[in-house]
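Counting starts at 1 for both ligands and their atoms, following the listed order. Quick caveat: nothing in here was measured; it's all calculated off a predicted structure.
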Amino acid sequence: MPDAPDTAASAKPPRRPRPPAAAPAGQPLSGPQRALRRLGLVRDIDLALHLPMRYVDETRLAPIATLRDGDTAQVQGHVTASRVETRNRRQLVVHLADASGELVMRLLHFYPSQQKTLAAGALVRARGELRHGFFGREMVHPEWRVVQPDTPLPRALTPVYPASAQLPQAYLRKAVVSALARAPLDELLPPALLPPGLPTLREALERLHHPAPGLDAEALHDPAHPAWQRLKFDELLAQQLSQARSRAERAALAAPALAVREGGLLARLRATLPFALTAAQQRVVAEIGADLARPRPMHRLLQGDVGSGKTVVAALAAATAIDAGWQCALMAPTEILAEQHFRKLVAWLEPLGVGVAWLTGSRKGRTRREMLERLASGDAMLAVGTHAVIEDDVRFARLGLAVVDEQHRFGVAQRLALRDKLGDASAECRGLEPHLLMMSATPIPRTLAMSYYADLDVSTIDELPPGRTPVLTKVFADGKREQVVARIRDEVARGRQVYWVCPLVEESEHVDLQNATATHAELSAALPGTGVGLLHGRMKAAEKAAVMARFTAGELAVLVATTVIEVGVDVPNASLMVVEHAERFGLAQLHQLRGRVGRGAVASVCVLLYTPPLSETGKARLRALAETGDGFEIARRDLAIRGPGEMMGARQSGDALLRFADLAADEVLLERARALAPQLWAEHPQAAARQVERWLGGREDYLRA
Ligand code: ADP
Ligand code: MG
């Protein structure tokens, strides 16, 4: 089909669609052109890959009398009367009749010219939903246009594109048609390498943009349709090719080889640890050690459930680097978490003669300058801190290893900045990159690891240290609050400690803070003689540290906190956690939170309080937490509920997310694309490069971890 169906006037005053060719440089863009740009539709190929979200059937006319309330249909009839009504609001009321019956078309927005066009006698084709309204059987602002008795009906379904208020469908349809004709869509992949039975990319796009006559919408919406399969495969392949390339590029870079010395710092640290490493910890320590010993930058993700003991693994990696004469930097997303690391690392490493520098935003002035000097001179071999570690004025003498905790909470740029810290060091370091170890308590489901994180090596701690008791999780409506407070009283009487977590959402920070303050007051009143502390993000770092110290020391039995305790707090005596407004948290976040209890030998409980009414999905989400304590299973369910965008932090990954492929449903295609990518780079490098360019354009960088 060479052309899209004719343009229809829509309810809003229509804009004249102009030819959608890209505006020459320097010329102002028209409204719709700007709207295209905002949707990322810049190149012809972008428009060609902008696919219909659904199809409407304009191939048939329904006799007006056959329409029932709620039917969406296309009708055609003569205008028998038309007038402007001003009752309630100004509107154009048009009576339409065909041989079978009559209806009223109501236009709430209209131009005077349209009023003329819709004069009695005009033949009108309209598509909309029939309702029983004020004027009887009516269609409120249907799509309509005036036709001639011999105006043909489209023979195929009409595509409906994702659009925006500034971008009329008609304009977008024309833009797609002409872009599709111009876009370079030659077949890049040798047919023998494609999954069997798939059309070419051009055929696939033509089929979806211009459905064949007679094809029904259901067939087109089926994700198993070969045309969709082709698009999904191509998209996955581009992603895999991009990842394979960045992996190869990294393999060509140099890093200091950090070999383990017998009887060196690593051995001495292991000997002084108060516990034996779990088998899983030993395995990942060996995996990391093997990477560090190679003269190529490590790029490894260490994943392990909350409480699985990642910090000590990081400490052992740091010891390896330091023993080889190279510095290590450890960066954590919050000051509290960074401080937890700092305390542990100082306790483990300073007795062995390692100088540790502490860098956070709140450390300014002379102490900060001192820290910077110690790092620049190599006097301090380990830096621990927040984002402050990557600030411009931080210089390392010889940075050999960078560790990022809770890596998904940092942006790509921040991780890159850490890697660049070596470049500006001494001549000996020029051309070298530090090794990079990323840690995460949010396990990445297999399909995500194979796609978005395909250029990472992954080590997994799949075992908790011995002696932990599983946390019992219960879900209650907020009405049970009094019983929960009674439970707190019991725990405190037994000498145990309790966390009470209130949500903190950035947009409503003020209200949330009031919420936390009110809860603090409520608990203080309900538990006389009990130390109840309050911790929130607006407090100064020193105040927060003081409250944390009192809780850690046991002076405070109850700690009311906003999500600042989300990660990293380690108080083995805490046995009960209450999460208020649990429905506002992500599943992974709740799982991390409850990992703060159950750290000692006592049986621990996590109470998730929700505020009714809660949707069925909302309840199902919370129930999932009560049902499983397995972080992997929770991550899998989270992925299913929220999609990969949110899991990865959509802000960083932006448009690079998959548009067509569905990681859960398309695992087979994903496997295939993954196997094909290295072969394509080896045998058809130009085709591989064009495939990446076609699909990812300038957005490739987003994909890199
Ligand atoms: P996470 O993986 O959540 O960061 P941490 O590193 O904070 O976990 O470890 C949780 C707690 O377990 C810490 O108190 C840590 O010292 C302790 N720990 C780590 N490894 C072991 C082990 N092998 N045996 C006993 N306790 C351990
Ligand atoms: Mg940790």
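Formation of a donor-acceptor pair under 3.5 Å by the Glu463 side chain with backbone atoms of Ala280 is found in this model. Here the side chain of Glu406 pairs no donor or acceptor atom with the backbone of Ala332 at under 3.5 angstrom. Between the side chain of Thr628 and the backbone N or O of Leu625 there is no donor-acceptor pair closer than 3.5 Å.
The proximity of Gln340 to ligand 1, defined as any non-hydrogen pair under 4.0 Å, does not occur for either the backbone or the side chain. Residue contacts with ligand 1 for Thr278 involve both N, CA, C or O and side-chain atoms from C-beta outward (heavy atoms, distance under 4.0 Å).
Residues satisfying the side chain to side chain donor-acceptor pair (under 3.5 Å) test with Asp392, not counting sequence neighbours, are none.
At a cut-off of 3.5 Å, with distance as the only test, a side-chain donor of Ser575 or Glu491 sits close to an acceptor on the other residue.
Under the 4.0 angstrom criterion for non-hydrogen atoms, Lys344 is in contact with ligand 1. Put simply, part of Ser308 is less than 4.0 Å from ligand 1, judged by heavy atoms. Residue contacts with ligand 1: Gly304 is excluded, as none of its non-hydrogen atoms falls under 4.0 Å.
Between Gln281 and ligand 1, a contact under 3.5 Å exists for at least one N or O pair. The shortest N or O to N or O distance between Pro466 and ligand 1 is not under 3.5 Å. The shortest N/O to N/O separation between Ala276 and ligand 1 falls below 3.5 Å. In terms of N/O distances under 3.5 Å, ligand 1 is not approached by Val306. The shortest N or O to N or O distance between Arg596 and ligand 1 is not under 3.5 Å.
The side chain to side chain donor-acceptor pair (under 3.5 Å) test with Asp305 is passed by exactly one of His591, Gln592, Lys310: His591.
Counting only non-hydrogen atoms, the option in Leu464, Thr311, Leu302, Leu273 that gets closest to atom 5 (P) of ligand 1 is Thr311.
Between Glu543 and Lys540 there is no salt bridge, since no side-chain N of the basic residue sits under 4.0 Å from a carboxylate O of the acidic one.
Aromatic rings of Tyr499 and Phe551 (six-membered ring for Trp) have centroids within the 6.0 Å cut-off, being under it.
Here is the list of ligand 1 atoms found below 4.0 Å of a heavy atom in Pro465: 20 (N), 21 (C), 22 (C), 24 (N), 25 (C), 26 (N), 27 (C).
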